[in-house]
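Structure first, commentary second.
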Amino acid sequence: MQPNLFDSLHQQPAKFGYLEELNEVQRAAVETTEGPVMIIAGPGSGKTRVLTYRIAHLINTGKAPWNILSLTFTNKAAREMQERITAIAGTEASGKLWMGTFHAIFARILRIEAATLGYPVNFSVYDAEDTKSLLKTIISELNLNPDYYKPNVAYNRISNAKNNLITPAMYAKSDDIRLTDAAANLPRMPDIYTRYANRCRQAGAMDFDDLLLNTYHLLYQHPDIAQKYQHRFKYLLVDEFQDTNSAQYAIIKKLAEPHRCICVVGDDAQSIYAFRGATIENILNFQRDYPEAAVFKLEQNYRSTRKIVEVANRVIAANNRQINKSIWTQNDDGHNIQLLNAASDTEEARMVVDSIYIDRLRLHFKNEDFAILYRTNAQSRAFEEELRRKGIAYRVYGGVSFYQRKEVKDLMAYLRLTVNPHDEEALRRIINYPTRGIGNTTVGKIAAMANQEQVSLWTVITTPALRTQLPKAAQESVGGFAKMMLYFADLLQRKNAYELAQIIGSQTGLLKELSEDKTVEGISRYENLQELLNSIKEFIDEKLAETPQEPNTLPDASLGAYLQGVSLLTDLDSDDDESGKVKLMTVHTAKGLEFPCVYVVGLEEGLFPSMMASKNVQELEEERRLFYVAVTRAKQKLHLSMAACRYRYGELQYSTPSRFIDEVASVHMETVGAKPKPGGFGNSGAYQGFKDSNSGITDNARRIKEQQLKQQRNTPPPQLPPNFKPSDTSKLQGGEAVIHQRFGQGKVVSIDGVGDKRLAVILFDTEGEKRIVLKFAQLMIVKE
DNA sequence: CCCAGCCTGGTTTTT
DNA sequence: CCAGGCTGGG
């Protein structure tokens with residue numbers, strides 16, 4: 001095992017003490033600061049440590065921190081790294097590093113260079129919802145058959161093209177693409193793409209992929225600008241290199257052109273983002289583009305027990321396409337891998353939570369040591385319910401984030417439109433919300449004119465010659481709306497982001513409307529808006545306290561800067577208190593994280609691996625890598641779990657054990673809670689499944705499921721803790737509930753969750769009609 | 001133009 | 001099962 005930082009500080013000159021913490025390969029990777037470097041790093045091999053120390057080492061050997069650009073995959077990874085560097089090199093230096101996700105860093109560059117590309121400084125960033133909504137508009141404008149032309153499909157195709165640096169013009173010219181589109185009954189895709197790109201430009205908006213594509217164009221078409229950033233970023237570091245796409249690689253290659261000090265860290269076995277355009281080819285390309293590159297392989301695993309490492313190797317051995325490498329460890333054997341085998345999804349949840357209970361007791365794990373990892377977000381629900389029932393605090397990562405809530409997006413749309421009036425999606429969203437008599441017909445007319453004149457919707461409503469072509473009544477309401485927005489834009493000069501947001505909230509009637517809504521939904525929506533306002537205030541305070549990144553620059557605390565930052569935040573980034581909570585997330589989200597005790601759940605054929613991925617070998621192999629990522633998150637204890645049947649779309653469906661279990665079942669595996677049946681279920685011999693060799697499922701499983709449903713109906717609802725006072729925001733024992741202040745005391749009558757949106761509610765019955773609602777953590781409230 | 005209430009379609013992962 | 005679209009009455 002590696003000595004810790006504290007020990008080594010006592011033995012070494014403090015400045016380079018960190019080098020003593022590294023093994024030979026790691027140390028070489030850290031000390032090779034000049035020239036191209038590729039680090040192939042297996043899971044748990046100290047990758048983050050190497051990256052961190054490498055940066056610290058660069059600083060300690062006299063390189064200027066603002067000459068270092070470090071690209072990570074998540075904001076969280078960037079933040080953690082920054083903290084660790086601060087610990088070694090001090091705040092002074094670490095604050096000046098350029099560190100963040102590709103998207104965040106490029107957005108910052110694009111903001112600075114917007115004028116060159118013909119974009120406004122405060123360009124909008126369209127999220128997936130905005131993008132799909134715009135595509136939908138375009139599809140209907142082109143009068144295309146909605147049976148074939150679906151916003152989702154169009155989005156994927158366009159996104160794919162952009163990730164491969166294909167512009168609309170190139171798209172229209174490519175024979176390959178024409179054939180694929182024709183085969184899918186989508187011959188008009190080139191028109192959609194062209195129109196989409198024009199509309200974004202007109203709206204001064206970029207989607208996620210544009211942040212990469214436009215950076216690419218910026219650097220490749222403007223040598224002076226490229227030179228400026230090449231000069232600034234003398235040392236490049238790229239984390240999770242296996243998950244970069246063509247656009248990202250082209251950009252970093254350009255940045256590294258003159259100095260070639262580029263260090264990429266990755267693991268082909270953990271490439272799980274091919275669906276987003278990531279390509280392992282980049283690893284090969286790197287060796288071709290930088291033949292002089294020093295290559296380091298980190299194969300020793302410091303994270304997991306030997307048994308876990310062995311299972312992991314077994315998982316990946318089933319793949320054909322891979323770089324030859326196997327991870328090994330000196331760690332103890334550790335616990336056996338436990339295979340949980342349940343009759344249904346609810347029983348699966350029950351078994352997992354029971355197991356958490358037991359491990360907490362016997363092995364002294366804490367709540368925060370556990371992670372439940374699943375393939376799809378929708379799977380979280382059963383586990384949430386069970387955790388709540390058993391009174392274990394939890395936090396779900398991913399899924400619908402705060403910034404995707406309707407009311408939050410509404411206010412955000414006003415803010416966006418204030419800083420960038422041409423933002424079409426923001427305008428459409430709120431031009432008639434709250435209602436001011438501008439219906440679909442009117443908006444349609446405005447859009448038609450905008451199309452004809454090749455201008456934005458905002459230009460139409462603010463240009464007298466165009467506006468007067470609308471019906472009289474519409475002219476008036478539209479004029480009022482424009483006047484209001486102009487007023488807000490004017491305030492932008494004199495008010496800070498927080499003040500302005502508050503003014504907008506009250507003047508548009510948005511806050512008022514929600515505060516008057518005394519239904520449970522209304523109250524929580526109102527609170528969410530308050531929370532949004534608070535987050536803006538926090539942003540400003542934080543920004544103003546920050547040390548500027550480079551000499552002679554000022555922190556950007558404008559509304560535009562806020563909006564841009566927020567648009568790239570994910571749910572993983574909220575600085576929620578994580579202590580004392582079991583963590584629930586998808587395997588994708590878990591990438592780069594580690595947990596003492598991991599449950600990989602829903603291991604059924606068609607779910608994990610996803611049924612979407614069973615079409616070809618490449619996709620199946622990616623699923624296997626995903627499974628590899630999942631099992632290698634575990635430090636001490638690993639559980640694999642599956643259910644014989646589960647509910648989908650309200651119907652009972654039977655499932656068969658995942659082939660992945662078959663592939664690893666012979667290694668250190670013990671079955672827990674299985675109910676061996678006469679005649680023998682399953683076919684691997686190492687576990688007892690519920691699979692029947694012919695029909696796929698036994699009647700017994702069905703019977704168990706039905707009994708369970710009955711029992712569930714008879715389970716008493718959660719009870720209030722003793723001495724509970726509804727007047728304060730006390731914590732309810734049953735899972736992180738906060739009592740809403742406004743209501744009197746009552747009795748819990750029901751508890752409800754709504755799908756993968758994870759909306760949860762407890763209803764109280766007080767005298768007769770009146771009902772109370774408990775709000776779970778930050779989750780919201782729905783129906784009665 | 002707005003709202004409530006029925007009906008239908010969707011089945012993956014995310015910056 | 002659930003969300004978003006569509007319809008028909010105010």
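Order of the sequence lines sets the chain letters (A, B, ...), proteins ahead of strands, with each chain counted from 1.
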Original post:
So what does A:Lys136 touch, heavy atoms closer than 4.0 Å: a base, only the sugar-phosphate, or nothing?
Top reply: sugar-phosphate
Subject >> Centroid separation A:Tyr374 to A:Phe608 less than 6.0 Å >> reply: no
Enumerate the protein-to-nucleotides 11-13 of chain B contacts in which both atoms are nitrogen or oxygen and the separation is below 3.5 Å.
| unit_1 | atom_1 | unit_2 | atom_2 | d |
| --- | --- | --- | --- | --- |
| B:dT11 | O4' | A:Tyr649 | OH | 2.7 |
| B:dT11 | N1 | A:Tyr649 | OH | 3.2 |
| B:dT11 | O2 | A:Arg648 | NH2 | 2.8 |
| B:dT11 | O2 | A:Tyr649 | OH | 3.0 |
| B:dT12 | O2 | A:Arg375 | NH1 | 2.8 |
| B:dT12 | O2 | A:Arg375 | NH2 | 2.5 |
| B:dT13 | OP1 | A:Asn377 | N | 3.0 |
| B:dT13 | OP1 | A:Asn377 | ND2 | 3.3 |
| B:dT13 | O4' | A:Arg375 | NH2 | 3.3 |
| B:dT13 | O2 | A:Arg375 | NH2 | 2.6 |
| B:dT13 | O2 | A:His588 | NE2 | 3.4 |

Original post:
Do A:Phe73 and A:Tyr273 have ring centroids that are under 6.0 Å from one another?
Top reply: yes
**OP:** Answer with base, sugar-phosphate or nothing: what part of the nucleic acid does A:Thr244 contact at a heavy-atom distance below 4.0 Å?
**Re:** nothing
Original post:
When we call it a touch if two heavy atoms are under 4.0 Å apart, what does A:Lys150 touch: a base, just sugar-phosphate, or nothing?
Top reply: sugar-phosphate
Show the distances under 3.5 angstrom between N or O atoms of the protein and N or O atoms of nucleotides 8-10 of chain C.
none

Original post:
Would one find a side-chain N or O of A:Thr441 under 4.0 angstrom from OP1 or OP2 of B:dC1?
Top reply: yes
Original post:
Given atom CG of A:Leu568 and atom C1' of B:dT14, what is their separation to the nearest angstrom?
Top reply: 12 Å
Original post:
A:Phe539 vs A:Tyr562 aromatic rings, parallel, tilted or perpendicular, using cut-offs 30° and 60°?
Top reply: perpendicular
**OP:** Indicate whether OP1 or OP2 belonging to C:dC1 is found under 4.0 Å from a side-chain N or O atom of A:Arg646.
**Re:** no
Using a cut-off of under 3.5 Å, enumerate the N/O to N/O pairs linking the protein to nucleotides 2-8 of chain B.
| unit_1 | atom_1 | unit_2 | atom_2 | d |
| --- | --- | --- | --- | --- |
| B:dC2 | OP1 | A:Asn432 | ND2 | 3.3 |
| B:dC2 | OP2 | A:Asn432 | ND2 | 2.9 |

Original post:
Can you find a pair of side-chain heavy atoms, one from A:Thr279 and one from A:Tyr249, that are under 4.5 Å apart?
Top reply: no
**OP:** Can you tell me, in whole Å, how much space there is between the P of B:dT13 and that of C:dG4?
**Re:** 16 Å
Original post:
Looking at CE of A:Met642 and OG of A:Ser658, how far apart are the two atoms once the value is rounded to the nearest 0.5 Å?
Top reply: 9.0 Å
